[in-house]
Amino acid sequence: AQSVTQLDSQVPVFEEAPVELRCNYSSSVSVYLFWYVQYPNQGLQLLLKYLSGSTLVKGINGFEAEFNKSQTSFHLRKPSVHISDTAEYFCAVRLTSGTYKYIFGTGTRLKVLA
Amino acid sequence: KAGVTQTPRYLIKTRGQQVTLSCSPISGHRSVSWYQQTPGQGLQFLFEYFSETQRNKGNFPGRFSGRQFSNSRSEMNVSTLELGDSALYLCASSLAGTGGGTEAFFGQGTRLTVV
């Protein structure tokens with residue numbers, strides 16, 4: 001079975017400061033890794049994904065994530081946040097074949113302060 | 001290109017009633033999945049359909065059911081509603097046949113309130 005842990009339920013950060021949202025996963029088989037963002041009263045929007053290759057993945061809105069196989073982590077980073085980045089962020093895994101089902105973490109609420 | 005459309009956006013139902021939610025995937029997408037989102041449990045997988053066949057089912061009681069039609073549109077049904085069924089129900093579609101790495105596109109969800 002697979003599981004995803006997002007250690008921080010809430011992260012407050014000042015505007016223009018850097019931020020890191022942590023994600024650890026557990027799986028006995030290969031998985032793909034994803035980060036999604038959810039703005040209030042909206043569905044989920046893909047930020048970035050790791051399938052294979054370079055462990056540093058760049059996504060939309062200036063976000064990037066680094067896949068670390070030995071630590072089974074996929075932390076999300078942004079060097080300088082904006083007020084508009086205030087949202088909930090979800091880390092997710094998916095098996096590499098046979099299903100399109102996601103297993104999501106519990107989410108991290110990012111609050112950007114002026 | 002139109003996105004994933006879920007109808008209705010909001011619903012209020014009474015305990016004991018049943019409800020049907022609809023999802024129209026992106027044109028050409030054959031895989032549809034459903035998720036329940038609540039503050040306490042987060043995003044929980046309900047079902048996955050591919051070419052009208054249920055491929056996976058989450059750990060939900062039999063009151064939750066779904067189906068997919070030949071045009072890939074999907075519906076989910078909840079019978080004998082309970083207060084705990086109040087949630088945001090999200091539908092996601094994927095362009096199947098291109099491997100698990102293809103991302104899912106989510107609708108805006110249906111907010112179900114059971115009173």
Side-chain angles (χ1 to χ4, degrees), chain A residues 1-10 21 23 25 27 29-54 57 59-60 63 65 67 74 87-109, chain B residues 3-7 9-10 23-26 29-51 53-60 66 68 72 74 88-111:
Chain A
Q2 295 73 44
S3 66
V4 178
T5 301
Q6 292 182 248
L7 295 165
D8 306 303
S9 59
Q10 293 188 67
L21 306 183
C23 171
Y25 70 95
S27 178
V29 297
S30 294
V31 292
Y32 295 136
L33 296 149
F34 301 79
W35 275 99
Y36 277 87
V37 61
Q38 186 178 35
Y39 299 102
N41 298 316
Q42 298 292 319
L44 276 66
Q45 179 185 2
L46 180 71
L47 279 175
L48 48 78
K49 61 183 178 182
Y50 175 78
L51 307 183
S52 64
S54 173
V57 180
I60 63 170
F63 284 94
F67 169 62
F74 190 52
E88 188 143 24
Y89 292 78
F90 292 93
C91 182
V93 300
R94 177 194 263 178
L95 294 178
T96 58
S97 64
T99 180
Y100 293 95
K101 163 191 170 183
Y102 285 113
I103 295 167
F104 284 96
T106 50
T108 296
R109 191 171 298 275
Chain B
V4 179
T5 303
Q6 291 189 246
T7 56
R9 287 292 311 277
Y10 302 92
C23 171
S24 293
I26 292 171
H29 286 197
R30 292 186 292 155
S31 172
V32 173
S33 299
W34 289 88
Y35 296 84
Q36 181 196 64
Q37 186 177 20
T38 59
Q41 299 297 317
L43 282 153
Q44 301 288 313
F45 170 76
L46 280 157
F47 335 93
E48 176 189 10
Y49 288 90
F50 175 69
S51 294
T53 301
Q54 188 179 88
R55 189 154 67 167
N56 278 293
K57 188 177 192 311
N59 189 24
F60 279 81
Q68 186 181 32
S72 294
S74 178
L88 180 67
Y89 290 88
L90 291 165
C91 169
S93 77
S94 297
L95 182 61
T98 56
T102 183
E103 73 255 33
F105 293 82
F106 284 80
Q108 290 187 292
T110 294
R111 172 78 61 186

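We use all heavy atoms of the structure for the numbers below, so side chains are in, but hydrogens, waters and symmetry mates are not. Every chain is numbered from 1, with letters handed out A, B, ... down the list of sequences.
For Gln37(B), the part lying under 4.5 angstrom from a heavy atom of chain A is the side chain only. Residue Phe47(B) does not touch chain A at all, counting heavy-atom pairs closer than 4.5 Å. Heavy-atom distances place the side chain of Gln38(A), and not its backbone, under 4.5 Å from chain B. Only the side chain of Leu46(A) comes within less than 4.5 Å of a heavy atom of chain B; its backbone N, CA, C and O stay farther away.
By the salt bridge (Lys or Arg N to Asp or Glu O under 4.0 Å) test, Arg111(B) pairs with no residue at all, sequence neighbours left out. Take Gln2(A) and apply the side chain to side chain contact (heavy atoms under 4.5 Å, CB included) test, not counting sequence neighbours, and it matches Ser27(A), Val29(A), Val31(A), Val93(A), Leu95(A), Ile103(A).
In summary, of the residues considered (Phe90(A), Tyr36(A), Phe34(A)), a ring pair (Phe, Tyr, Trp, His ring centres under 6.0 Å) with Phe106(B) occurs for Tyr36(A) alone.
Contact check for Glu48(B) versus Tyr102(A): no side-chain heavy atoms found under the 4.5 Å cut-off.
Chosen from Ser52(A), Gly43(A), Gly105(A), the residue pairing most often with chain B at heavy-atom distances under 4.5 Å is Gly43(A).
Put simply, CG on Leu51(A) and CD on Glu103(B) are 9.0 Å apart, with the number rounded to the nearest 0.5 Å. To the nearest 0.5 Å, atom CZ of residue Arg94(A) and atom OG of residue Ser94(B) are 4.5 Å apart.
Under the 30°/60° scheme for interplanar angles, the aromatic rings of Phe50(B) and Tyr100(A) are found to be tilted.
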